[in-house]
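Here's the structure, in structure tokens; my notes come after.
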Amino acid sequence: MDNTETDCLLIIDVQNDFCAGGSLAVPDAENILTTINTLSSQFANIVITQDWHPPGHSSFASEHTDKQPFDTITLPYGEQTLWPDHCIQGSTGAQFHKQLHTEKAQLIIRKGFRSPIDSYSAFFENDQTTSTGLTSYLKERGITRVVCVGLALDYCVRFSAIDARKQGFDACVIEAGCRGIDVGGSNDAAREAMRKAGVVLL
Ligand code: VGL
Ligand code: ZN
């Protein structure tokens, strides 16, 4: 890949709770670290996202009677999958994996900090209207292409890459730098949805 000043590597949610031993561990997540760190050394522009929930967040199954993780409920903005408690602000689980190189990152964007709304995408919360501010940041810096890696392919990577396209960026996903939760065929559904949105899968 020919990386330029107008490309930004977007490293999504490589946090302890999504890795082995974490509360929402993504299978094989540790095996993306080498790929991501190599990419980091090659990109001039790097943004990292950090899932960052207050205790009692509405996406936690523990907040809803008679619900289990991976059940779905209807919230005011639409259907929401419920998760084990994860990435609680300030917890060890919310920290980046200790092998992830974060020092070159220019911006760390936290998301999911509003209790009533979950946020998969780095650009918009799940109501699809509350902005994280990332579009303006990238545009002001002259970025035209967003290259996505991280966790999880079928949730936060998927929605970030599609929103990047919706916001007028070129977008690609480097699959070797991603792993999915893969519930009910969600990895394949994610690939299909991303391709349809014009995301290039590498
Ligand atoms: C994520 C589920 C809940 C992700 C975050 O990073 O893909 N998935 N919160
Ligand atoms: Zn989350």
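Every number for a ligand or one of its atoms is a count from 1 in the order of the listing. Computed over heavy atoms, backbone and side chain alike; hydrogens, waters and symmetry mates excluded.
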Drop me the distance from D17's CG to C87's SG, to the nearest 0.5 angstrom.
4.5 Å
The Zn ion (ligand 2) to nearest N/O/S of H86 less than 2.8 Å:
yes
For D85 and S62, test the side chains for any donor-to-acceptor distance below 3.5 angstrom and give the result as yes or no.
yes
Gap between atom NZ of K104 and atom CG of N45 - 0.5 Å precision
9.0 Å
State whether the shortest distance between N or O atoms of Y120 and N or O atoms of ligand 1 falls below 3.5 angstrom.
no
How does L151 reach ligand 1, by side chain, by backbone, by both or by neither, if only non-hydrogen atoms under 4.0 Å count?
backbone
Looking at A152, which atoms of ligand 1 are within less than 4.0 Å of one of its heavy atoms?
4 (C), 6 (O), 7 (O)
Protein contact to atom 1 (C) of ligand 1 [nearest heavy atom, distance to 0.1 Å]:
C156 SG, 3.3 Å
What N/O/S atom of D51 is the closest to the Zn ion (ligand 2)?
OD2
Considering only non-hydrogen protein atoms, determine which one is nearest to atom 5 (C) of ligand 1 and report residue, atom name and distance to 0.1 Å.
D51 OD2, 3.2 Å
Considering only protein heavy atoms, which is closest to atom 6 (O) of ligand 1, and at what distance to one decimal place?
D13 OD2, 2.6 Å
How about C87: does one of its N, O or S atoms come closer than 2.8 Å to the Zn ion (ligand 2)?
no
Parallel, tilted or perpendicular, judged at 30° and 60°: which one describes the rings of F60 and H53?
perpendicular
Greater than 12 external heavy atoms within 6.0 Å of E140's CD:
no
Identify which of F18, W83, Y155 has a heavy atom lying nearest to atom 2 (C) of ligand 1.
W83
Checking only N/O/S atoms, does D118 have one that is under 2.8 Å from the Zn ion (ligand 2)?
no
Are R191 and E175 ion-paired here, with the side-chain N under 4.0 Å from a carboxylate O?
yes
Flag the pair R114 and E125 as a salt bridge only when some basic side-chain nitrogen lies within less than 4.0 angstrom of an acidic carboxylate oxygen.
yes
Look at K111 together with D118 and state whether they make a salt bridge at an N to O cut-off of under 4.0 Å.
no
Taking N or O atoms only and a 3.5 Å limit, does I181 qualify as a polar contact for ligand 1?
no
Write down the atom of F124, the atom of S119, and the distance for their closest heavy-atom approach.
O-OG, 3.8 Å
H86 near ligand 1 by a heavy-atom separation under 4.0 Å
yes
